[in-house]
Each structure stands twice: as C-alpha cells, then as structure tokens.
Amino acid sequence: MSGVVWIFGLPCAGKTTIGDALRDEFSRRSITALRLDGDQLRQGLCAGLGYSMEDRTENIRRAAHAARVAVTAGIPVIASLITPTQALRRMAGEIIGERFLPVFIDCPASECARRDVKGLYAKAKAGQLTALTGTDGAFERPEPGVLTLQTNEHTVAQCVEQVMGELVSREWLR
Ligand code: ADP
C-alpha cells in the first residue's frame with residue numbers, strides 16, 4: 001500500500017475515528033502508515049495557525065507536503081483534516097499527486113452538533129467561538145464520485161471496509 005488517504009468533513013463527523021480505525025486495520029495487515037490528524041498537527045507542525053482561510057490554507061499546505069514526503073518514500077499516509085473547501089482539497093491533491101485518495105466523511109451537521117465530542121458546537125452556539133466549520137464557517141460538499149462514508153448510517157467497521165475496498169479496486173492494496 002502506498003498512497004494518501006485524505007479524510008475530510010465537518011468537525012465531529014468521524015474523521016479521527018475512521019482514520020484511527022483504518023490505521024488499526026492496516027496494522028493488522030502489517031502495514032505501517034503515517035497518521036496525520038488535524039488536531040495533532042495544530043500542536044506541532046501547524047502550531048500558531050488559526051482558522052482564517054489564509055491559515056487554513058497554510059495548515060493544509062503543510063500537511064499535504066508532509067504526506068507527499070512520506071508517500072514518496074513509500075510510506076502510506078492516513079490524513080484527517082476538515083479541509084472545508086474544494087480549493088483546499090484541490091491544492092492537497094496537486095501537492096500529493098496521483099496517489100491522493102480523498103474520502104468524504106458525510107454526517108449531517110445536526111448529528112455532528114449532537115455528538116460535539118470536543119464541545120466546539122456548544123462554544124459556537126454560546127458565541128465563544130467563531131468560524132467553526134458547519135456553523136458560521138463554510139463547508140463545501142465534494143463533487144459526486146468522491147468516495148463518501150455515511151457515519152450516521154454505517155458503523156466504523158463498515159466505513160473502514162468501504163475504504164479498504166476502494167484501495168483494493170485501485171490495486172493499491174491486495
Ligand atoms: P472528527 O475527527 O471528524 O472531528 P471524531 O472522530 O473526533 O470526529 O468524533 C466522531 C464521534 O462520532 C466519535 O465520538 C465517534 O465515536 C462517533 N461515531 C459514531 N458513529 C461513527 C461512525 N460510524 N464513524 C465514525 N465516528 C462515529
């Protein structure tokens with residue numbers, strides 16, 4: 001397996017959960033992947049960046065370059081970042097090249113707000129946070145044809161199975 005699985009979607013849609021579960025499935029097959037997660041990156045490589053479009057662009061640019069370095073060395077990557085716009089996803093794809101697999105984690109905003117694992121939606125509602133994607137921050141759905149996982153309808157295992165199936169059909173994985 002050598003490719004970049006780029007998981008994107010609203011906060012609380014399930015990006016980290018699916019990314020971690022996919023990494024575990026890779027591990028069971030003795031595949032070691034680089035795991036890049038938005039929240040973790042913001043504590044290190046992307047520390048100091050905020051949520052303006054300029055900073056979000058820089059955040060995605062850095063993550064995409066890190067993914068590119070790994071995949072060029074033959075190391076598979078599982079990245080999970082909100083990546084809210086088509087332009088940001090296009091930029092990531094252009095940096096990474098042909099081994100870029102975007103995966104949309106689709107979950108209704110109302111369900112994301114109900115899950116609210118980090119309390120961000122509650123903060124946004126209370127006016128303590130602005131530009132939260134899915135509330136006052138824009139999120140553009142991808143064009144049809146992008147691999148889409150419905151995390152409010154399918155289990156984590158079923159979603160992982162869907163990605164594994166795509167990797168096999170691309171012959172990135174046997
Ligand atoms: P994100 O990384 O998109 O912000 P998280 O993965 O941190 O989201 O949180 C998603 C929450 O939704 C977790 O509490 C997870 O257990 C829950 N959840 C419920 N069903 C699913 C599913 N099918 N796939 C992924 N997450 C799910």
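For clarity, every value in this text was computed on a predicted model and none was experimentally measured. Below, all heavy atoms of this structure are taken into account, side chains as well, without hydrogens, waters or symmetry copies. Each ligand, and each atom within it, is numbered from 1 in the order the structure gives.
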* To do: For the pair Arg90 and Glu94, find out whether any cationic side-chain nitrogen is under 4.0 Å from an anionic carboxylate oxygen.
  => no

* Look at atom 21 (C) of ligand 1 and say which protein heavy atom is nearest, naming residue and atom and giving the distance to 0.1 Å. => Thr151 O, 3.7 Å

* Asked: Just checking, is any N or O donor in the side chain of Asp37 or Thr16 under 3.5 Å from an acceptor N or O on the other one?
  -> yes

* Asked: Can you tell me the protein heavy atom closest to atom 9 (O) of ligand 1 and the distance?
  -> Val117 CG2, 3.6 Å

* Asked: Which residue and non-hydrogen atom of the protein lie closest to atom 13 (C) of ligand 1, and at what distance in Å?
  -> Thr17 OG1, 3.7 Å

* Report the residues that fulfil salt bridge (Lys or Arg N to Asp or Glu O under 4.0 Å) with Asp39, sequence neighbours left out, ordered by chain and then residue number. => Lys118

* Using a strict 4.0 Å cut-off to heavy atoms of Lys118, name the atoms of ligand 1 that fall inside it. => 4 (O)

* Is the closest heavy atom of Leu10 to ligand 1 under 4.0 Å? -> yes

* Structure fact -> Here the gap from Cys46 atom SG to Glu58 atom CD, rounded to the nearest 0.5 Å, amounts to 7.5 Å

* Please identify which atoms of ligand 1 are closer than 4.0 Å to at least one heavy atom of Pro11. => 4 (O)

* To do: Would you tell me which option among Arg115, Gln158, Glu111 has the nearest heavy-atom contact to atom 20 (N) of ligand 1?
  => Arg115

* Asked: Heavy-atom count around Glu171 CD within 6.0 Å, excluding the residue itself: above 12?
  -> no

* To do: Report yes or no: does Gly9 have a heavy atom closer than 4.0 Å to ligand 1?
  => no

* Gln128 atom CD: more than 12 heavy-atom contacts under 6.0 Å -> yes

* To do: Give a yes or no on whether Glu161 atom CD has more than 12 heavy-atom contacts from other residues, nucleotides or ligands under 6.0 Å away.
  => no

* Region of Thr155 engaging ligand 1 - heavy atom pairs below 4.0 Å -> backbone

* To do: For atom 23 (N) of ligand 1, grab the closest protein heavy atom and report residue, atom and distance to one decimal in Å.
  => His154 O, 2.7 Å

* Note the single closest protein heavy atom to atom 4 (O) of ligand 1, along with its residue, its atom name and the distance in Å. => Cys12 N, 2.7 Å

* Does ligand 1 have any atom that is closer than 4.0 Å to a heavy atom of Ala13? -> yes

* Determine yes or no for a side-chain-to-main-chain donor-acceptor pair under 3.5 angstrom, with Asp136 supplying the side chain and Leu132 the backbone. => yes

